[in-house]
Visitor: 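Let me give you the structure first, and then I'll get to my questions.
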Amino acid sequence: MHKRILLPNPPQTRNRRRTEEKIKELEVEAILYTDGSTSGKQERGGAGLYVQRRDGTEEKMFWPAGRYCASYGAECVAFLRALEWAEEN
């Protein structure tokens with residue numbers, strides 16, 4: 001006879017869910033998600049921005065972050081592009 005043990009969600013899952021609930025409570029026009037990465041050898045960096053608008057529309061944008069670039073640099077490019085997008089929209 002096997003017993004089933006239910007474990008609570010991992011902390012990161014609980015925290016993410018709590019954060020998403022708090023975001024829904026805010027009166028915002030759009031939520032911006034950024035990401036930057038490299039090929040793994042600090043080469044071919046890329047940056048991305050995902051925009052989720054209140055009306056449900058979505059937008060995805062991508063930019064090169066440099067042929068030789070650390071992940072941190074790619075993350076910075078993504079964040080700066082997000083700030084530019086927010087200023088223009």
Side-chain angles (χ1 to χ4, degrees):
M1 183 163 127
H2 297 285
K3 293 184 179 180
R4 292 186 178 161
I5 300 173
L6 298 177
L7 299 174
N9 291 327
Q12 63 271 23
T13 303
R14 284 195 309 264
N15 290 340
R16 180 181 177 135
R17 191 174 320 129
R18 204 172 311 138
T19 300
E20 288 173 348
E21 289 169 4
K22 291 291 183 187
I23 288 172
K24 287 179 184 177
E25 294 173 9
L26 299 174
E27 299 278 332
V28 297
E29 293 299 317
I31 300 171
L32 309 179
Y33 298 91
T34 63
D35 191 23
S37 63
T38 66
S39 66
K41 297 181 180 180
Q42 295 190 354
E43 295 177 344
R44 298 186 308 277
L49 171 62
Y50 172 75
V51 179
Q52 185 177 24
R53 291 187 178 86
R54 180 189 288 192
D55 65 7
T57 59
E58 301 172 343
E59 194 174 342
K60 296 177 184 178
M61 293 159 270
F62 306 95
W63 301 275
R67 182 172 178 183
Y68 300 104
C69 176
S71 293
Y72 177 78
E75 294 281 358
C76 289
V77 169
F79 187 74
L80 290 172
R81 294 292 182 148
L83 290 174
E84 290 170 359
W85 183 94
E87 186 175 60
E88 294 170 4
N89 294 278

Visitor: Roughly how far, to the nearest 0.5 Å, is the CD atom of E58 from the CD atom of Q52?
Guide: 5.5 Å
Visitor: Can you list every ring-ring contact (aromatic ring centres under 6.0 Å, His included) pair that touches residues 33-65, not counting sequence neighbours?
Guide: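 Counting only pairs at least two positions apart or across chains, the ring-ring contact (aromatic ring centres under 6.0 Å, His included) contacts touching residues 33-65 are Y33-Y50.
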Visitor: If you compare all heavy atoms of S71 against all heavy atoms of S37, which two are closest, and at what distance to 0.1 Å?
Guide: OG-CA, 4.4 Å
Visitor: Would you name the heavy atoms of V51 and M61 that are closest together and state the gap between them?
Guide: CG2-CE, 3.6 Å
Visitor: Output all residues satisfying side chain to side chain contact (heavy atoms under 4.5 Å, CB included) with R44, sequence neighbours left out; order by chain, then residue number.
Guide: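 So R44 forms a side chain to side chain contact (heavy atoms under 4.5 Å, CB included) with S39.
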Visitor: Kindly give the heavy-atom pair with the smallest separation between A74 and C69, and that separation in Å.
Guide: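 That closest heavy-atom pairing would be N-SG, 3.4 Å.
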Visitor: Mind checking side chain to side chain donor-acceptor pair (under 3.5 Å) for E59 and listing every partner two or more places apart, or none if nothing turns up?
Guide: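 Listed in chain order: R53.
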Visitor: Show me the side-chain donor-acceptor pairs of residues 75-89 shorter than 3.5 Å, one per line, residues at least two apart or across chains.
Guide:
from, atom 1, to, atom 2, distance (Å)
E75, OE1, G36, N, 3.4
N89, ND2, W85, O, 2.8

Visitor: Nearest 0.5 Å please: distance from the NZ atom of K22 over to the CZ atom of R18.
Guide: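 Going from the NZ atom of K22 to the CZ atom of R18 covers 9.5 Å.
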